[in-house]
Amino acid sequence: MKAKLLFIATLLFSFSINAQIDFEPHVTVDDTGGTNGANSVFVADLDGDGDLDMISASGNDDKIAWYENTDGQGNFGPQKKISETVLGATSVFAVDIDGDGDIDILVASSLDDTIGWFQNNGQGIFGSRQIISSLADGANSVYATDADADGDMDVFSVSAFDDKIAWYENTNGQGNFGPQQIISTNFDYPLDIVAGDIDGDGDMDILTGSRYNNSRVAWFKNTNGQGNFVEQQSLNTDINYCRSAILADVDGDGDLDIAATSWKIQGHRIIWFENTNGLGNFNNTPNIVGLMGTNARPETLYTSDFDNDGDLDIVTGSFNDGLSWFKNNGSGVFGTIQIIDSEIRDVQTVLSSDIDGNGSFDILIAANRADRIAWYKNTNGLGNFGPANVMAEINGANGAREVISVDLDGDGDKDLLSALTNDDRIAWQENLDGQGTYSELITIASIENPLSIFAGDINGDTFIDVFTLSSASFGKVVWYKNLNGNAIFGTEQIINSEDNPTIVYLFDVDNDGDLDVFSTVGSSQLVWQENIDGLGTFGRKNIIMEGPFVNETLYAEDIDNDGDKDLIAGYYENSDAVAWFENMDGQGNFSTPKIISENIVVLDSVYAADFDNDGDKDVIAVSYGTNEIIWYENADGQGAFVNEHIITSSAEGATDVFAKDLDNDGDIDIICAAARGNEIIYYLNDGTGNFNFQQTLVSNFRSASSVMADDFNNDGKIDILASAYAADEIIWFENRGPLSIEENEKNLFTLYPNPTDGLLNIKSITKIAEITIHNNLGQLLFTSEKTNQVDISTLNEGIYFVKIKDENGQTETKKVVKK
């Protein structure tokens with residue numbers, strides 16, 4: 001709350017003195033109709049036409065959507081959005097909640113701790129979310145069944161952060177729910193919940209599993225048939241890191257057995273426990289369905305008769321090794337693993353149903369890191385599956401870890417280069433008109449888990465080449481030659497092959513006129529390699545430091561004013577430290593680390609610039625763990641750092657920092673990406689190293705990951721570029737100069753009060769035709785039903801844009817502060 005209050009105070013202050021710069025956001029990648037962080041998928045007939053439609057929940061774009069099965073044969077129409085305000089949507093379930101004969105939608109969302117539902121009008125038109133409870137801390141899964149035998153659908157949930165299993169009574173059968181009824185708080189990070197008659201007494205019991213300490217699967221008996229649940233049996237043998245557990249008659253004896261996923265160091269596996277007497281007494285020694293790869297990490301499973309032989313087979317999705325199924329011989333003995341899709345990653349939900357109406361069971365998935373909702377056709381009814389039919393996937397920057405600006409095609413303007421970790425690729429976007437209008441992402445190369453990128457002329461042909469790394473178990477540092485200066489790149493050229501490199505950085509360390517390469521090795525060595533011929537042939541590794549844990553932070557600057565570039569880096573030994581390494585002879589022989597500070601908790605980024613205008617280079621660092629941005633004064637110009645200046649302690653999860661003169665006043669300002677706060681923020685310098693209040697560019701930028709500044713539209717002003725890892729977005733913010741309280745010259749319309757806590761009144765000299773409200777990414781939030789007043793009470797604190805259009809077609813956009 002303190003940070004939010006500071007944010008509002010900052011806005012009021014900036015309006016009064018014109019100290020804030022007016023930045024206009026430009027989204028470079030449009031992911032309309034996509035799915036970002038897909039977590040859950042479900043099937044049901046939403047429009048009452050007799051076939052199965054598909055529903056999805058995705059957490060990074062807070063979206064619930066559905067897809068119409070247009071012909072009953074699995075040809076789906078475009079995405080239909082139900083909501084984009086379900087914060088961190090994790091689970092979706094479809095059932096008739098209000099007893100009116102059509103299918104409504106239940107949703108769990110982890111970031112607002114909410115269980116809610118959307119009412120269907122019978123044709124797939126949904127109302128606004130109706131809240132069942134906001135007491136599910138980290139809500140992860142939702143399920144519906146009749147818990148109290150009164151003929152309507154009650155709701156169950158598990159929430160990971162408070163270890164809670166709970167249910168909610170549908171008190172009147174019409175979707176009015178009673179208070180949360182806690183079943184258990186004794187599960188460490190439960191992820192899944194299902195219901196079934198486990199003990200054969202005619203009422204609904206429940207099953208769930210825990211992920212972390214004392215990982216186990218347990219079932220809870222409905223002791224009175226009225227929803228009084230008591231833990232009956234806990235199974236923990238061979239259970240480790242259980243992500244999913246289900247109920248199914250695995251051995252064909254007429255009762256419900258338990259199947260579960262288990263991560264094991266000696267081999268990940270799918271297991272099942274036999275219901276030995278049909279009364280819920282389970283054999284604690286599991287039966288092995290099948291072993292997965294050492295890196296597979298099974299996430300989810302489901303049962304269906306895929307080969308039409310009358311028994312239940314098992315399909316599973318994993319974190320790394322895709323989608324697979326196991327054939328059942330009818331008694332719970334399973335065959336070898338059969339791969340359906342080896343490429344798909346991070347399958348969070350798998351489901352089975354007859355999508356195309358041909359009598360065989362197809363498979364549906366929600367894949368988080370792949371950002372995909374898809375289904376796989378059972379082509380012959382025997383478990384031979386076709387390729388993925390993709391319903392929705394990210395159309396943007398999937399896992400945008402880092403983005404930088406550089407002229408790759410030699411046309412004089414700044415293009416964008418990005419590392420897309422979840423896509424396993426590096427890509428660029430052309431500045432099409434020199435004004436900041438960017439192309440779609442153009443892939444340069446596919447490479448596993450790229451964490452860092454850099455650009456520079458490595459072979460002396462004046463064209464800008466690209467460097468990156470694969471941060472994998474058997475990683476590598478590589479570069480790609482810009483073949484003709486037009487951003488056509490050659491094949492991968494390996495500089496070195498290492499275990500888990502995390503950063504690549506270039507500068508001329510030995511003063512011979514070409515660029516040398518710096519990187520980390522296994523997080524324990526910091527090394528550099530000489531560009532020995534100036535053509536991109538690299539020599540042996542020169543070790544700068546080894547032993548402590550090397551952070552993903554490198555920056556080069558002449559710290560001691562001797563004419564060569566020194567190195568600034570972060571590392572962890574007994575505590576987190578930021579240090580500089582003196583280039584002692586200008587030839588790349590570095591000193592031992594010279595400590596700048598050890599008062600940092602998780603150092604994520606460093607930079608160097610002259611912040612106090614005394615002619616030498618100071619150092620700035622971010623402390624992710626303490627939310628601090630700190631600059632250190634180079635007291636003597638020789639690298640003696642004595643004064644620690646804390647700019648802020650409210651940059652939540654500060655992860656990247658950059659410095660540039662944003663307001664063209666001759667001093668260096670600071671920009672920061674705050675990952676936990678989901679913000680891009682900046683601070684203006686008064687010229688002596690005193691920085692003003694925090695100014696927020698964007699506050700819903702999920703897992704903000706990198707930031708830099710450059711002139712993207714050639715207007716002479718410094719703009720800001722940023723990426724967000726979880727939001728899969730790349731945005732640049734146009735610097736339009738100082739911001740005043742009234743931006744428009746015409747002033748046809750007046751809004752008051754501004755700031756407001758809810759209602760905005762509008763005065764106009766002409767009749768108003770339309771009022772629309774947009775966020776600071778330019779996205780339309782809603783259109784006002786009234787033309788003389790706007791209610792924004794439901795919006796979060798921050799800046800919004802009210803666009804007003806009169807009957808003559810004249811428009812003005814007003815900036816409004818919601819407090």
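Position 1 is the first residue of the sequence, and the numbers go up from there.
- Residues forming a side-chain contact (heavy atoms from CB on, under 4.5 Å) with Ile464 (at least two apart in sequence, or on another chain): Val406, Leu408, Ala455.
- For the pair Glu393 and Arg372, the salt-bridge criterion is met [side-chain N within less than 4.0 Å of a carboxylate O].
- Between the side chain of Ser705 and the main chain of Ala400, a donor-acceptor pair closer than 3.5 Å is present.
- Considering all non-hydrogen atoms of both residues, Leu420 and Ala427 come closest at CD1-CB, 4.1 Å.
- Side-chain N or O atoms of Asn713 include none that pairs as donor or acceptor with a backbone N or O of Gly436 at under 3.5 Å.
- Using bins of under 30°, 30° to 60° and over 60° for the plane-to-plane angle, the ring pair Tyr682/Phe23 lands in the perpendicular bin.
- In this structure, CE in Met708 is found 3.5 Å from OG in Ser405, a value given to the nearest 0.5 Å.
- Side-chain contact between Asp510 and Asp516 is present, with at least one heavy-atom pair separated by less than 4.5 Å.
- The pair Lys803-Glu770 fails the salt-bridge criterion, with no side-chain N (NZ, NE, NH1 or NH2) lying under 4.0 Å from an Asp/Glu carboxylate O.
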I would like to know whether Asn36 and Asp61 meet side chain to side chain donor-acceptor pair (under 3.5 Å); could you show each step before the answer? CA-CA 5 Å; Asn36 191 341; Asp61 55 10; 5.4 Å; no
Report the C-alpha distance between Asp371 and Asn398 in whole Å, list the side-chain angles of each, state the deciding distance to 0.1 Å, and finish with yes or no for side chain to side chain donor-acceptor pair (under 3.5 Å). CA-CA 8 Å; Asp371 294 312; Asn398 190 0; 3.1 Å; yes
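- Atoms CD and CH2, on Glu557 and Trp580 in that order, are 12.0 Å from each other to the nearest 0.5 Å.
- Centroid-to-centroid, the aromatic rings of Phe693 and Tyr683 stay 6.0 Å apart or farther.
- Within a 6.0 Å sphere centred on CD of Glu440, other residues, nucleotides and ligands contribute 12 heavy atoms or fewer.
- Heavy-atom minimum distance, Gln79 versus Ala392: NE2-CB, 4.0 Å.
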Derivation and outcome, side-chain contact (heavy atoms from CB on, under 4.5 Å), residues Ile792 and Phe782: CA-CA 10 Å; Ile792 61 171; Phe782 63 90; 4.1 Å; yes
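- Inter-residue side-chain proximity for Ile494 and Val477 is flagged as unmet; no heavy-atom pair is nearer than 4.5 Å.
- A donor-acceptor pair under 3.5 Å links the side-chain atoms of Asp465 to the main chain of Ile458, judged by distance alone.
- Of the possible polar contacts, one joining the Asn583 side chain to the Lys565 backbone as a donor-acceptor pair under 3.5 Å is found.
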Evaluate the salt bridge (Lys or Arg N to Asp or Glu O under 4.0 Å) criterion for residues Lys414 and Asp710: first the C-alpha distance (whole Å), next the side-chain angles of each, then the deciding distance (0.1 Å), finally the verdict. CA-CA 8 Å; Lys414 293 303 174 69; Asp710 211 332; 2.7 Å; yes
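- For the pair Ser439 (side chain) and Gln429 (backbone), a donor-acceptor distance under 3.5 Å is absent.
- One distance of note links CG of Asp669 with CG of Asn685; it measures 6.0 Å at 0.5 Å rounding.
- Annotation: side chain of Ile373 is in contact with side chain of Tyr67 (closest heavy-atom distance under 4.5 Å).
- Counting only N and O atoms by type, the side chains of Asp656 and Ser605 include a donor and acceptor under 3.5 Å apart.
- Scanning both residues, Gly34 and Lys63, for their nearest heavy atoms gives O-NZ, 2.7 Å.
- Across all non-hydrogen atoms, the minimal contact from Ala709 to Leu662 is CB-CD2, 4.4 Å.
- Sparse packing is recorded around NZ of Lys805, with 12 or fewer heavy atoms of other residues, nucleotides or ligands lying under 6.0 Å away.
- For the atom pair OG1 of Thr468 and CG of Asn449, the computed distance is 9.5 Å after rounding to the nearest 0.5 Å.
- In this structure, the separation between CG on Asn692 and CD1 on Ile647 is 10.0 Å, given to the nearest 0.5 Å.
- Two residues are said to be in side-chain contact when any heavy atoms from C-beta on lie closer than 4.5 Å; Leu721 and Val707 fail this criterion.
- In the model, Glu430 has no side-chain atom that pairs as donor or acceptor with a side-chain atom of Tyr438 under 3.5 Å.
- Under a 3.5 Å cut-off, the side chain of Asp346 and the backbone N or O of Ala367 do not form any donor-acceptor pair.
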Lys476 and Glu492: CA distance, side-chain angles, deciding distance, salt bridge (Lys or Arg N to Asp or Glu O under 4.0 Å) verdict: CA-CA 11 Å; Lys476 54 191 173 183; Glu492 169 185 286; 3.0 Å; yes
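- A donor-acceptor distance shorter than 3.5 angstrom exists from the side chain of Asn484 to the backbone of Asn486, with no hydrogens or angles considered.
- Looking at Thr772 and Thr783, their side chains never bring a donor and an acceptor atom within 3.5 Å of each other.
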Going through the checks in order, is the side-chain contact (heavy atoms from CB on, under 4.5 Å) test met by Ile568 and Ile559? CA-CA 9 Å; Ile568 309 161; Ile559 296 296; 3.9 Å; yes
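- Using the six-membered ring where Trp is involved, Trp528 and Phe518 have ring planes that are parallel, under 30° apart on the 30 and 60° scheme.
- A donor-acceptor pair under 3.5 Å is absent between the side-chain atoms of Thr443 and the main chain of Ala445, judged by distance alone.
- In summary, the aromatic rings of Tyr505 and Phe467 are positioned with their centroids too far apart to meet the 6.0 Å limit.
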Before you tell me yes or no, could you show the steps for Asn422 and Arg401 under side chain to side chain donor-acceptor pair (under 3.5 Å), namely the whole-Å CA-CA distance, both residues' side-chain angles and the distance that decides it to 0.1 Å? CA-CA 9 Å; Asn422 292 346; Arg401 178 63 178 257; over 6 Å; no
Step by step, would you call Asp424 with Arg345 a salt bridge (Lys or Arg N to Asp or Glu O under 4.0 Å)? CA-CA 11 Å; Asp424 292 330; Arg345 287 181 168 226; 3.3 Å; yes
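- For the residue pair Asp719 / Asn735, no side-chain donor-acceptor distance below 3.5 Å is found, with atom types taken as modelled.
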Just do the side chain to side chain donor-acceptor pair (under 3.5 Å) check on Asn714 and Gln435 with the steps written out, would you? CA-CA 6 Å; Asn714 288 308; Gln435 301 295 309; over 6 Å; no
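- In this structure, Asn482 contributes its side chain and Phe489 its backbone to no donor-acceptor pair below 3.5 Å.
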With side-chain contact (heavy atoms from CB on, under 4.5 Å) as the criterion, how do Leu567 and Leu554 come out once you've worked through the C-alpha distance, each side chain's angles and the decisive distance to 0.1 Å? CA-CA 7 Å; Leu567 187 67; Leu554 291 179; 4.2 Å; yes
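- Remark: side-chain polar atoms of Ser471 are paired, donor with acceptor, to backbone N or O of Pro501 under 3.5 angstrom.
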For a side-chain contact (heavy atoms from CB on, under 4.5 Å) check, start with the C-alpha distance between Ile670 and Phe611, then their side-chain angles and the critical distance, and finish with the verdict. CA-CA 9 Å; Ile670 289 172; Phe611 295 115; 4.0 Å; yes
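- A donor atom on one side chain and an acceptor atom on the other are found under 3.5 Å apart for Thr520 and Thr502.
- Between Tyr632 and Asp618, the closest side-chain pair of non-hydrogen atoms is not below 4.5 Å.
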Could you go step by step and tell me if Asp62 and Arg702 meet the salt bridge (Lys or Arg N to Asp or Glu O under 4.0 Å) rule? CA-CA 10 Å; Asp62 309 320; Arg702 191 75 58 76; 2.7 Å; yes
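- One finds the CH2 atom of Trp479 at 8.0 Å from the CG atom of Asn531 (value rounded to the nearest 0.5 Å).
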